[in-house]
Amino acid sequence: MAKTWTIDSTVALAGGVDMPVLGLGVWQTPAGKETRAAVRTALEAGVRLVDTARIYQNEADVGAAMRESGVPRERVFVTTKLWNSDHGYDRTLRACDQSLARLGLEQLDLYLVHWPAPGRRESWRAMERLLADGKARAIGVSNYTIRHLDELLAHCHIAPAVDQVEFNPFLHQRELLQACRAHRIQLEAYGPLVRGHRMDHPVLVRTATKHGRTPAQVLIRWGIQHELVTIPKSARPERIRENAEVFGFALDAEDMAALDGLDEGYRTSWDPTGAA
Ligand SMILES: NC(=O)c1ccc[n+]([C@@H]2O[C@H](COP(=O)([O-])OP(=O)(O)OC[C@H]3O[C@@H](n4cnc5c(N)ncnc54)[C@H](OP(=O)(O)O)[C@@H]3O)[C@@H](O)[C@H]2O)c1
């Protein structure tokens, strides 16, 4: 029987931490009142995961909005990321402390290596230390291809719990998903809305019409039904609410097959395939 998803659904990460299946991304959401309003709106709509990064320059606003929302700290799952200029053992430890200070938190729920940049091997040792020290409840990577994962798995003591990559029907990275599953790495889908570039695709429009939903809701639901953690970004309150309303319907096998067939290897973000 098909799994029933709700806004409170989580996936269990290797290591035991539960991660919500739906989050709010805040890349390119301007720092200050826009980020605070976006995070508050998402939390009011029941979203329990926020995805930020040092490089997004809005960690402080994410932390402020969490406190303003009145939602207890332990009910919100916060992810931030180590930027490329902070690679290396000591720098990684310091960067995590700085992110925690900006967020106003004692502990991250998930800390990710943002990009497979040079120095990542030393950084991973520091990530393991951060986990052991309780600075992060889970550690993972982002933009790692199968090659980068294999390299990491060959030397790590603790495997990444998550790989956050660009993933949607138009960039349906099946082999990467399979590799993640084989190693119990949760795939987290960024760019789930294809940044808005394919909203008028006929298959998407037809599926949305069939269910009385929007193309954005179909894209998010597709990711969740593939058991991906999905983090759409919007800075607009009405869209943040729309993007959270993906639990009152289900895509059937025919819908899923049609969406699965849309892959065109289309990237809206940097391609990590060649990252040394
Ligand atoms: N790890 C990485 O390297 C990496 C890279 C990229 C993204 N990410 C994370 O993933 C998150 C999401 O990815 P993304 O921001 O690249 O792209 P996305 O979520 O696929 O798309 C965001 C775009 O879609 C628009 N949009 C949002 N909801 C919509 C709706 N219901 N209908 C129509 N358009 C809608 C947004 O505009 P408005 O804001 O104007 O609504 C924005 O232009 C990021 O915010 C970030 O947290 C991580």
Side-chain angles (χ1 to χ4, degrees), residues 19-31 34-35 37-39 41-42 45 47 49-59 61-62 65 77-84 99 103 108-117 120 139-145 148 160 162-173 176 185-201 204-205 208 213-224 228-246 262 266-273 275:
M19 182 172 188
V21 293
L22 178 68
L24 174 76
V26 294
W27 182 37
Q28 294 182 328
T29 303
E34 285 196 56
T35 295
V39 172
T41 303
V47 174
L49 158 62
V50 183
D51 182 82
T52 185
R54 178 206 148 168
I55 197 69
Y56 302 170
Q57 298 186 357
N58 52 19
E59 290 171 309
D61 302 302
V62 169
F77 189 104
V78 184
T79 302
T80 193
K81 312 185 191 84
L82 176 81
W83 187 238
N84 299 354
S99 281
L103 283 155
L108 301 171
D109 295 290
L110 177 63
Y111 197 37
L112 298 176
V113 175
H114 205 144
W115 185 262
R120 57 188 177 264
I139 53 173
V141 294
S142 179
N143 295 299
Y144 274 44
T145 63
H148 299 117
V162 170
D163 191 6
Q164 183 187 112
V165 296
E166 187 170 1
F167 202 101
N168 57 57
F170 302 91
L171 183 63
H172 189 177
Q173 305 191 63
L176 178 59
I185 298 168
Q186 174 64 44
L187 196 148
E188 181 177 16
Y190 78 66
L193 303 177
V194 207
R195 294 245 195 111
H197 297 180
R198 291 288 183 279
M199 290 306 190
D200 54 0
H201 190 285
L204 209 47
V205 172
R213 297 284 170 159
T214 65
Q217 289 171 325
V218 168
L219 286 169
I220 297 165
R221 183 76 201 188
W222 176 85
I224 291 173
L228 314 177
V229 172
T230 302
I231 49 170
K233 174 264 176 185
S234 178
R236 305 188 203 189
E238 67 283 6
R239 284 182 173 175
I240 293 170
R241 286 189 281 271
E242 172 188 333
N243 296 346
E245 286 169 9
V246 294
L262 296 180
Y266 180 69
R267 286 185 191 273
T268 67
S269 205
W270 298 278
D271 183 356
T273 316

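Start at 1 and go down the list; that is how both ligands and their atoms are numbered.
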Practice item. Return the option from T80, I231, V26 holding the heavy atom at the smallest distance from atom 11 (C) of ligand 1. Key: I231
Check your understanding: Under 3.5 Å, N or O to N or O, is D51 touching ligand 1 that way?
Key -> yes
Check your understanding: Can you check whether E242 has an N/O within less than 3.5 Å of an N/O in ligand 1?
Key -> yes
Practice item. Using modelled atom types only, decide if a donor and an acceptor are shared between the side chain of H172 and the backbone of P169 within a distance under 3.5 Å. Key: no
Revision key, fill the gap. Nearest non-hydrogen protein atom to atom 44 (C) of ligand 1, with distance, is W27 CB, 3.6 Å
**Study point:** The one among E245, K233, R236 that brings a heavy atom closest to atom 39 (O) of ligand 1
**Key:** K233
Practice item. Specify the protein heavy atom at minimum distance from atom 28 (N) of ligand 1: its residue, its atom name, and the distance to 0.1 Å. Key: N243 ND2, 3.0 Å
Review point. Which protein heavy atom lies closest to atom 20 (O) of ligand 1, and at what distance to 0.1 Å?
Key: L193 N, 2.7 Å
Point to revise | Identity and separation of the nearest protein heavy atom to atom 3 (O) of ligand 1 | key: N143 ND2, 2.8 Å
Check your understanding: atom 4 (C) of ligand 1: which of Y190, W270, W115 has the nearest heavy atom?
Key -> Y190
**Study point:** E242 atom CD, over 12 foreign heavy atoms within 6.0 Å
**Key:** yes
Point to revise | Element-labelled atoms of ligand 1 that are located less than 4.0 Å from some non-hydrogen atom of Q164 | key: 1 (N), 2 (C), 4 (C), 8 (N), 9 (C), 48 (C)
**Study point:** The one among E34, R195, R239 that brings a heavy atom closest to atom 24 (O) of ligand 1
**Key:** R195
Review point. Less than 4.0 Å between a side-chain N and a carboxylate O, is that true for K81 and D51?
Key: yes
Check your understanding: Are the aromatic rings of H201 and F170 close, with centres under 6.0 Å apart?
Key -> yes
